[in-house]
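Remember, predicted model here, so these are calculated numbers, not experimental data. These values consider heavy atoms only, across backbone and side chains, with no hydrogens, waters or symmetry-generated copies.
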Amino acid sequence: MTHTYQLTGMTCTSCEDKVKKALELVDNITNVEVSKENNTATVTMTKHVAIVDLQNALDPKYQISTIDHNENIEQTRSWFETYKPILLIFFYISLITVLIQTTNHHFDFMQAMRHFMAGFFLVFSFFKMLNLKGFAESYMMYDVLARKIPVWGYIYAFLEFGLGISYLLNFNPIFTNAVTFIVMSISIIGVLQSVLNKKKIQCACLGAVFNLPMSTVTIIEDGLMIIMSLIMLITML
C-alpha cells in the first residue's frame, strides 16, 4: 500500500534526505518519496504502519500527518490482514466443531471442547512442522524453557501433535488435560513477558510460515487452551 502524508518542518534538500532515510528505516516500509516544495511524503509499505511510528522515527522538528486516508480504518484493516491466517484457522476449527455437534441429539459441551482442542493442536503442529528448525529458532527467542533447553522447541511441535491425537481419540483425558495445562502454562509465561515488554518479535504459534507479531492474540490463544483443559480437569476430578 502507498499513502501520502503532509510533512512540515523541512527547509532544504538536506531535510528531504534526512526524512527519507529516517522513514526508510521503519519496518515494513519499502520506498519513500519526499517533497519539500509540496510538504509531502509518499510512503510505500508492505503493511500499514501507524502514524505514531512514522512520527517517532523523525526528528521532532518534522511533523507528519495523514492526507488521503483514515488512520483508524487503516489500522483496523492492517490488524485483520496481519492476523487473517490465525482468524481463519479458528473459524474453520470452530465451524467443524459445531458441525460435529449437529450429529448429536443435544450439544455436548465437553465433547465440543475436546474436538476443538484436537483441531487446534493438529493444525498448529502441522504449520510448525513445515519448517521445524525455523519454528524452534523463533520459539527460542521468547519461550522461557526453550531459551534454556533449545531442543524443547523441536519437542514442543511433536508434543502438540501428540496432544491433538490424544484429544481426538479421547485418550486418558485426565493425563492429556494435565499435560496441556502444564505445557501451555509454561508457554504463556514467555508470551506475557514479550507482550508486556513490548518486544517486536515474531510469534512462533504458526511456525515460520506466517510472520505473526507477538500480541494479545497470542495470549488469548494460549489462555484458551489453559482454560479449556482446566475446565475438563475440574469436571473429571
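Annotation for Ala112 and Thr97: closest pair O-CG2, 3.2 Å, computed over non-hydrogen atoms. Of all the heavy atoms in Ala157 and Ser125, the pair that sits closest is O-CB, 3.6 Å. Between Asp108 and Gln101 the shortest heavy-atom distance is N-OE1, 2.8 Å. Closest non-hydrogen pair, Ile219 versus Leu192, comes out as CD1-CD2, 3.6 Å. Nearest heavy atom pair, residue Val26 against residue Ala57, reads CG2-CB, 3.5 Å.
Linking ILVMFWY side-chain heavy atoms closer than 4.5 Å, directly or via other members, places Phe91 and Met113 in two distinct hydrophobic clusters. Taking hydrophobic clusters as Ile, Leu, Val, Met, Phe, Trp and Tyr residues chained together by side-chain heavy-atom distances below 4.5 Å, Leu145 shares a cluster with Val151. Both Val183 and Phe127 are assigned to one and the same hydrophobic cluster, defined by single-linkage of ILVMFWY side chains at heavy-atom distances under 4.5 Å. Residues Leu130 and Phe135 share a hydrophobic cluster, clusters being chains of Ile/Leu/Val/Met/Phe/Trp/Tyr side chains in contact below 4.5 Å. Side-chain heavy atoms closer than 4.5 Å link hydrophobic residues (I, L, V, M, F, W, Y) into clusters, and following such links, even through other members, never connects Leu95 to Phe107.
The OG1 atom of Thr42 lies 10.0 Å from the OH atom of Tyr5; values are rounded to the nearest 0.5 Å. The distance from atom CD of Glu221 to atom CZ of Phe90, rounded to the nearest 0.5 Å, is 5.5 Å. In this structure, Ile155 CD1 and Ile149 CD1 are separated by 8.0 Å, a value rounded to the nearest 0.5 Å. The CG atom of Leu23 lies 9.5 Å from the CD atom of Gln55; values are rounded to the nearest 0.5 Å. Taking CE of Met10 as the start and OH of Tyr62 as the end, the distance is 8.0 Å to the nearest 0.5 Å. To the nearest 0.5 Å, atom CG of residue Asn170 and atom CZ of residue Arg114 are 4.0 Å apart.
Proximity of Lys18 to Asp59: side-chain heavy atoms (C-beta onward) are nowhere separated by under 4.5 Å. By the 4.5 Å heavy-atom criterion applied to side chains, Phe121 and Ile165 are not counted as neighbours. Counting heavy atoms from C-beta outward, Met140 and Trp152 have side chains that stay 4.5 Å or more apart. With contacts defined as side-chain heavy-atom distances shorter than 4.5 Å, the pair Ser229/Met117 qualifies. Under the 4.5 Å side-chain criterion, counting only non-hydrogen atoms from C-beta, Thr40 is not in contact with Val34. Val32 is not listed as a side-chain neighbour of Lys21, based on a closest heavy-atom distance of 4.5 Å or more. Proximity of Leu87 to Tyr92: side-chain heavy atoms (C-beta onward) are nowhere separated by under 4.5 Å.
With hydrogens and angles disregarded, a donor-acceptor distance shorter than 3.5 Å links the side chain of Glu16 to the backbone of Lys36. Panel note: side chain Asn131, backbone Gly134; a donor-acceptor pair is recorded below 3.5 Å. Between the side chain of Asp143 and the main chain of Ala146, a donor-acceptor pair closer than 3.5 Å is present. Between the Lys61 side chain and the Gly9 main chain, no donor and acceptor come within less than 3.5 Å of each other. Using a distance-only test at 3.5 Å, with no hydrogens or angles considered, no donor-acceptor pair links the side chain of Asp53 to the main chain of Val49. When atom types are taken as modelled, the side chain of Thr176 and the backbone of Phe171 share a donor-acceptor pair closer than 3.5 angstrom.
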Could you go step by step and tell me if Thr44 and Thr2 meet the side chain to side chain donor-acceptor pair (under 3.5 Å) rule?
CA-CA 4 Å; Thr44 303; Thr2 301; 3.1 Å; yes
side-chain contact (heavy atoms from CB on, under 4.5 Å) between Ile64 and Gln6, intermediate numbers included
CA-CA 6 Å; Ile64 190 168; Gln6 183 176 22; over 6 Å; no
Residues Leu7, Leu58; criterion side-chain contact (heavy atoms from CB on, under 4.5 Å); working and verdict:
CA-CA 10 Å; Leu7 189 60; Leu58 298 173; 3.8 Å; yes
Show, in sequence, the C-alpha distance, side-chain angles and deciding distance for Tyr167 and Met228, and conclude whether the side-chain contact (heavy atoms from CB on, under 4.5 Å) test is met.
CA-CA 12 Å; Tyr167 278 112; Met228 284 186 171; over 6 Å; no
Could you go through Met236 and Asn177, starting from their C-alpha distance and side-chain angles, then the distance that decides it, and tell me whether this counts as side-chain contact (heavy atoms from CB on, under 4.5 Å)?
CA-CA 10 Å; Met236 289 181 287; Asn177 283 291; 3.3 Å; yes
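Ring centroid separation for the pair Phe158 and Tyr154 does not come in under the 6.0 Å cut-off. Ring centroid separation for the pair Tyr139 and Tyr156 comes in under the 6.0 Å cut-off.
Evaluation of the salt bridge (charged side-chain N to carboxylate O under 4.0 Å, His left out) test over residues 145-162, restricted to residues two or more places apart or in two chains, returns Lys128-Glu160.
Taking Ser94 as the reference, nothing meets the side chain to side chain donor-acceptor pair (under 3.5 Å) condition, with sequence neighbours excluded.
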